[in-house]
Amino acid sequence: MKAWQVNELGEPRDVLRLDEIADPVAGPEQLLVRVLAAPANFPDVLLCRGKYQITPPLPFTPGIELCGEVVAVGEAVTRFAVGDRVIGNPNLPGGAFAELTVVDEINAFAAPAALDDAEASALSVGYQTSWFALHRRTTLSAGETLLVHAAAGGVGSAAVQLGKAAGATVIGVVGGAEKADYCRELGADLVIDRHTEDFLPIVKEFTNGRGVDVVYDPVGGDAYAKSTKCTAFEGRILVIGFAGGTIPQPALNHALIKNYSIIGLHWGLYKQHNNQAIQDCHDEVTRLADIGAIKPLISERLSLADVADGLGRLGDGTTVGRIVFQP
C-alpha cells in the first residue's frame, strides 16, 4: 500500500515521503480499515517536528483521525463487521495518511449517517476535544459568552459550533479576512480579525465591560495573556494547546483577585482513564450532527498525494478551515 512516512523529524514538506510499504494486519481486538478520508490536524504537524506529547518511533505515518471502511477484523472484535463505516483514531506509528491502517476497536465509532466521509472524518479529535472542554472540564450554559481563539482552525471551529449548539453567544478570534468569513459561516456572533484589530477592547465593549464567561484557548502566548483581562467574574479559561508557540506563565494572584479558573484539557488521557466518557461524547456529537446542530465545514478536499503540502500549509498557518485528504 501507499503511505506517507516520516523517516527523520522536521517540517512536514521536508520529511514526509510517499512510500510503498507492506499492508498492515489487524491483531486481536483490532480493525483493518481502508481510509476513506483523513483530515489534517495541528498535532500531525507537531508529530513531524517531534514536538507532540507522544513521539512514535521512526519511521511512522502521521494522521490521527479518519473515516474508513472496515475490510477485516481481528480476533475478539464484537462491535464491528467487514463493510462498516467507522471514524476513529488509528494506531501510531501507522497513522491515517495511508491507504490502509489499523484501529483498535475501542478507538473506533460508528460514522454518523448524516455526514459524508470527509465531514465524518473530522468529527473525532476536534469535536471530542471541544465537547470535553465545554461540557466536562467546565459547563458552558445557555446565555453565557464564549470567546474562541483560532476559531477557524480544527478544534476552534468545533468549539464555535458546539458553543452555538449549547445556546451561548460566541466570539471568534481569527487571523485574516478569509478565516473571518469562514468563522462567520460557522455561526459565530462576533468575529474579530487579530491581524487588523485588538480583540481585548472589542470584547470588553461587546460584553458591556463584563467580560466573557469562558475562554477557549488553543493558542497560548499573547492570546492567553489578553484573555485574562476580559474574563468575567467566575469565568473559566480553557487551556487547549499552544499553537502560537509560547507557553504562558500565568500569574496566579491575578486568577485569585479576579476569581476566574484556569482549566487544562488533555483529551487523549481519557483513553487511559475513562474510555466510556469518550463513547458518551461520541453519542452526543452524533446526535447533534443528526439534528443539524453541528457539521464540520470542509474547506479543501485533497488527494493522498497532497498530504505533505497540506500539512506544510497548516504548519505555516495559511490554511482556512478544515482540509481533508481522500485516498
Side-chain angles (χ1 to χ4, degrees), residues 1-24 33 35 37-66 68 88-104 107 121-122 124-126 128-129 150 153-156 175 217-221 223-224 239-249 264-269 271-272 300 302-320 322-327:
M1 70 167 186
K2 291 181 179 179
W4 285 93
Q5 294 265 280
V6 174
N7 289 282
E8 59 180 338
L9 300 177
E11 291 302 313
R13 290 189 188 92
D14 299 329
V15 300
L16 279 166
R17 298 288 181 270
L18 186 59
D19 294 331
E20 192 75 29
I21 66 173
D23 291 357
V33 174
V35 179
N41 286 280
F42 198 71
D44 294 314
V45 177
L46 296 178
L47 281 165
C48 292
R49 294 172 178 168
K51 295 182 178 180
Y52 193 50
Q53 293 101 321
I54 58 173
T55 53
L58 297 170
F60 68 86
T61 296
I64 62 171
E65 65 179 332
L66 58 78
N89 311 113
N91 297 349
L92 297 177
F97 298 146
E99 293 176 321
L100 297 167
T101 191
V102 170
V103 180
D104 286 339
N107 292 331
S121 73
S124 173
V125 173
Q128 286 256 355
T129 297
V155 293
D217 180 19
V219 177
Y224 174 89
V239 178
I240 309 300
F242 313 107
T246 302
I247 298 175
Q249 302 295 319
L265 170 67
H266 181 183
W267 169 68
L269 285 180
K271 293 178 180 294
Q272 301 174 31
E300 297 182 64
L302 306 174
S303 72
L304 185 64
D306 297 315
V307 165
D309 178 66
L311 281 189
R313 289 189 289 117
L314 178 61
D316 294 339
T318 59
T319 58
V320 177
R322 299 308 309 270
I323 61 176
V324 176
F325 309 105
Q326 297 189 267

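For the single chain, residues carry numbers from 1 onward in sequence order.
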Of all residues at least two apart in sequence or in a different chain, which pass the side chain to side chain donor-acceptor pair (under 3.5 Å) check with Asp23? none

If we only count heavy atoms from C-beta on, is the Leu100 to Val35 side-chain gap below 4.5 Å? no

Taking it one step at a time, do Val33 and Val102 satisfy side-chain contact (heavy atoms from CB on, under 4.5 Å)? CA-CA 6 Å; Val33 174; Val102 170; over 6 Å; no

Within the 4.5 Å heavy-atom criterion, are Leu47 and Leu9 side-chain neighbours or not? no

For Leu16 and Cys48, run side-chain contact (heavy atoms from CB on, under 4.5 Å): C-alpha distance rounded to whole Å, both residues' side-chain angles, the deciding distance at 0.1 Å, then the answer. CA-CA 8 Å; Leu16 279 166; Cys48 292; 4.2 Å; yes

Atom pairs and distances, donor-acceptor, side-chain atoms in residues 50-63, under 3.5 Å, two or more places apart:
residue, atom, partner, partner atom, Å
Thr61, OG1, Trp4, O, 2.8
Thr61, OG1, Gln5, NE2, 2.8

Could you work out, with side-chain contact (heavy atoms from CB on, under 4.5 Å) as the rule, every residue matching Glu300, not counting sequence neighbours? Leu302, Arg313, Ile323

The salt bridge (Lys or Arg N to Asp or Glu O under 4.0 Å) partners of Glu11 (sequence neighbours excluded) come to Arg49

Do Arg322 and Asn41 come close enough that some side-chain heavy atom pair is under 4.5 Å? yes

Residues two or more places apart in sequence or in another chain: which of them pass side-chain contact (heavy atoms from CB on, under 4.5 Å) with Pro248? Tyr224, Phe242

Using the side-chain contact (heavy atoms from CB on, under 4.5 Å) criterion, which residues pair with Ala150? Sequence neighbours excluded. Pro218, Val219

Of all pairs that satisfy side chain to side chain donor-acceptor pair (under 3.5 Å), the ones with a partner from residues 89-102, not counting sequence neighbours: Asn89-Ser124, Asn89-Lys271, Asn91-Asp104

Is Val239 close to Asp217 at the side-chain level, that is, under 4.5 Å between some pair of heavy atoms? no

Taking side chain to side chain donor-acceptor pair (under 3.5 Å) as the test, write out the residues that go with Asp306, two or more places apart. Ser303

